[in-house]
J.: 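Attaching a single structure in structure tokens format; questions to follow.
Lettering follows sequence order; numbering is per chain, from 1.
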Amino acid sequence: MMSTPTLKSPPGTTTAAPSVRTQPARRQRSTAERLIAPLFLAPTVIGMAIFTIVPILGSILLAFFRWDIISAPEFVGFSNFADIVSDPTVRVSFLNTILFVVVSVTLQLGISMALAVAIQGRMPNWLRVFFRSAFFFPLILSAASVSIFMGYLFNEQFGVVNWLLSLIGIPAVPWLTTSGGAAAVVVLVYVWQNFGFSFLLFIGGLASIPKELHEASALDGATGWRQFTNVTLPLLSPTVLVASVMAIISALQVFDQPYVLTRGGPGDSTRTAVMVIFESAFQQLEFGRASAIGLVLMMLIMAITALQFRLSRRFVFYQ
Amino acid sequence: MRSTHPPGQENPLLSRTGDLSRRALLGALGIGAVGATVGAWPRLTGTDIPGRNSTSLNVAILGTSADAAARQALVDEFTSLHPDIPVRIQAIQGADWRDFFSKILTMVAAGNPPDVVYVATEGAQLFADKLAEPLDAYVTRDTADIQEYFQDVHPSLIEAFMYRGSLYQLPLDWNAANMYLNTSALQRAGLDRPADNWTHEDFTAVMRAMKSTTDGSFTPYYWTNRLFGGVVPWLYANDTSFLTEEKAAGGEWLWDRFYAADPTRAQRSGGYLWEAPNAESPRVIETFDYLRELVAEGLGVRPEGGGGNALVGLFASSRIGATPAGGYWVQGLNEAGMGADDFDVQFFPRWRTQRHQFGAAGYAIMRTAKDKDAAWEWVKFCASKPAMELAFPTPNTTPTRRSMVNRSFYATTGPEHWKVFYDTLDRFPTSGPIPAPPQQAAVESALMKNVSVAVSGSSAQVRSAMGSLQRDLELALRSK
């Protein structure tokens, strides 16, 4: 860093003029700089305060009230929390959500990484562009529209999937009306629609790995799977961390696919935590209870994310 | 653009390199921010929200902007009669009534409630209990004007909108869960249209006959998992319900005034009450077990949640033999290419009774309405025959006025036995509305959640599902 030259005059001399000129100029510049930074930050800070911080605080407060929108809120202490602990539907929905996260995130990351590695291999550039676009395309579609469409495809009596299966002699599968089938379809639709984002992250991560490392490892005899596990994967680990954090947070908030495809059924087999929040608030008009469930979910997300970063110290390799 | 600066002098807005200076950039950003704030002020302050700060009578309906536009003739007619009451139809989209009510409640929470809402039976008690204004005083005051409406409308439909002795809506359209039959499926099975008093065992036999004469892509009985047309019509036919049905006292002011001579006057009440679960009663279990057997035998589908969006297309393409629905289906089937003879309708099968389930809808005045008198004028106008003829030009629902359900209404669409629609009420006057207490959303969720489990497994699974339903209903009904 270059040092700024300063003018220093011996005591009693008349060379103070330059410093008289420079001192206010520096003060003005620093004042302006002090103003500019908050000015540029202001829109984001105000936006976050209005749309994130205040609602979170409001939701925390609301968790201690009973409120149905229409009547005045009534303070109920920890009653909403006691209520959700004793409610089997809430317990099942959280369990479903965690199972969903485990299965869907594993599939999402596995598939997207495999495809990203495959696309980085030798193939014509136009084909690579085609695959990148095709894999990313589902992400830009509306989850509700995709789910409606998939609901038709997986209809037991009239769906295309069962028709295709019937061509090879497989009897109709009750995809959306049995617990296992419904859960499988929800995971499938979710992963199909969301793996494109992780795929894009992995493409970027793979591109940042120096080719020399692969060439050097190849010279040492490491190819294929060995090269992937010993060179590619360690160098891709920061991307894996980011992709997994984002995938887990997103999966913990899954709503659209199970809501449209199965409405949480059959029974509670595909009911998720966010669905229970929605149902408590907008169907049962128990906004305090919904806030309490939301608060528990937020704490769960924070705990899992903190755990991920904690584990990353051991498993993530930075170049 | 030509420079206005003298030659040789530097443009203060440009740096020596010709780029925009930081000061100019900040100034432009500042002006932009101020401009954007001014431009977006109505949105930032919420003053551009439709209906807010408006003197118009805001009428909310479930539907799209096309549905709102379709009511323009109605609005124009009303405006010609009441030029001092401007009306604005606000269409609110929703997947179903439950979704629509959620959005209305959100509007209430946002401080922007509509003045009048078109509410179906599913939400009648929610609105009556928390949001709507009773019509008793208006109906009493305008007896002379409204008398003719009551004379034309079956009392069962009115009773569905009574709540604890007060009337909250004038029903304008309604539908019973009758049984639609695909004529070609019947003919393939060598069957005629079943008799009016056919039983649930006859129904099973018809479904078996249909199945035996078709391939695997055909489903004899298609039903959906929801409050209307799902398991409830079977429960009613078996003289039971998953909620204990009681009737409130009161309502004499209306029955004695408008229905004193009606043969069913004695059975009329202050409205229905559903305050306790009844899911574990033997008849409820028996009914669910019957449906489970239909599914297990491949005669009926495992029901999915929702309104059965694909149902019209599937029925019109003869891939379904029978399904419960009301008069609202006629126009849709016609538009899907079914001729008047391609389908027919019959009463729901008899079990212990032949009591039918029905749903209806009408306008409710919100307690927060700016001008309740004006809102009542709209409600009263919409219940008049000329207005209902404007509102219901085609059979995509059943008008509540008996005089409108006639041969000419179904002349181009069929079905042949269109009389079944209104005869349902006359032949079976104990027919009841969708069981929808003020906690309807939670009740419907509980029902939907457990129906699919109950009918998809063994007989033992029915009992455990009913136990689960009972617990869920207790939770749903605990708060009000």
J.: Among A/Gly264, A/Ala281, A/Pro174, A/Gly265, who wins on heavy-atom pairs under 4.5 Å with chain B?
T.: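 Sorted descending by pairs with chain B, the first entry is A/Pro174.
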J.: Nearest 0.5 Å, what's the CG-OG distance between A/Leu176 and B/Ser452?
T.: 11.0 Å
J.: Salt bridge (Lys or Arg N to Asp or Glu O under 4.0 Å) for A/Asp87 and B/Arg471? Distances and angles first, verdict last.
T.: CA-CA 10 Å; A/Asp87 187 339; B/Arg471 284 191 299 279; over 6 Å; no
J.: Let me know if B/Leu469 has heavy atoms under 4.5 Å from chain A in its side chain, its backbone, both or neither.
T.: neither
J.: Can you measure from CG (B/Leu29) to CZ (A/Phe40) and round to the nearest 0.5 angstrom?
T.: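 If I round to the nearest 0.5 Å, the distance is 6.0 Å.
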J.: Side chain, backbone, both or neither: which part of A/Asn155 has a heavy atom under 4.5 Å from chain B?
T.: both
J.: Which value, rounded to the nearest 0.5 Å, describes the distance between A/Leu35 atom CG and B/Leu26 atom CG?
T.: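 With rounding to 0.5 Å, CG (A/Leu35) is 10.5 Å from CG (B/Leu26).
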J.: Is any side-chain heavy atom of B/Phe101 closer than 4.5 Å to a side-chain heavy atom of A/Leu285?
T.: no
J.: With a 4.5 angstrom heavy-atom cut-off, could you sort out which part of B/Arg319 is near chain A: side chain, backbone, both or neither?
T.: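 Answer is both: backbone and side chain atoms of B/Arg319 are under 4.5 Å from chain A.
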J.: Could you tell me the separation between the CZ atom of B/Phe218 and the CD atom of A/Gln157, rounded to the nearest 0.5 Å?
T.: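 It is 11.5 Å, given to the nearest 0.5 Å.
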J.: Considering non-hydrogen atoms only, spot the tightest contact between A/Thr177 and B/Ser456 and give its length.
T.: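 Looking at all heavy atoms of both residues, the closest pair is O-OG, 3.7 Å.
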J.: Let me know which of B/Thr106, B/Leu105, B/Asp99 forms a side-chain contact (heavy atoms from CB on, under 4.5 Å) with A/Phe282.
T.: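 Considering B/Thr106, B/Leu105, B/Asp99, a side-chain contact (heavy atoms from CB on, under 4.5 Å) with A/Phe282 is found only for B/Thr106.
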J.: Which answer fits B/Leu447, side chain, backbone, both or neither, if we ask what part of it has an atom under 4.5 Å from a heavy atom of chain A?
T.: neither
J.: Check whether more than 12 heavy atoms from other residues, nucleotides or ligands sit under 6.0 Å from atom CE of A/Met48, and answer yes or no.
T.: no
J.: Between chain A and each of B/Val443, B/Thr219, B/Asn450, count heavy-atom pairs under 4.5 Å; write down the option with the most.
T.: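 Ranked by contacts with chain A, first place is B/Thr219.
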J.: Side chains of A/Thr89 and B/Lys449: donor-acceptor distance under 3.5 Å anywhere?
T.: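 Yes, side-chain donor-acceptor contact under 3.5 Å.
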J.: Nearest 0.5 Å, please: how far is CD1 in B/Ile104 from CD1 in A/Ile69?
T.: 11.5 Å
J.: Is it the side chain or the backbone of A/Arg66 that comes within 4.5 Å of chain B heavy atoms, both, or neither?
T.: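 Neither the backbone nor the side chain of A/Arg66 comes within 4.5 Å of chain B.
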J.: Any chance you could measure A/Ile70, atom CD1, to B/Arg367, atom CZ, to the nearest 0.5 Å?
T.: 8.5 Å
J.: Check this for me: does any side-chain nitrogen of one of B/Arg478 and A/Asp83 sit under 4.0 Å from a carboxylate oxygen of the other?
T.: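 A salt bridge is present here (some side-chain N lies under 4.0 Å from a carboxylate O).
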J.: Here's a test for you: under side chain to side chain donor-acceptor pair (under 3.5 Å), which of A/Gln283, A/Gln284, A/Glu279 qualifies with B/Ser445?
T.: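 Only match with B/Ser445 under side chain to side chain donor-acceptor pair (under 3.5 Å): A/Gln283.
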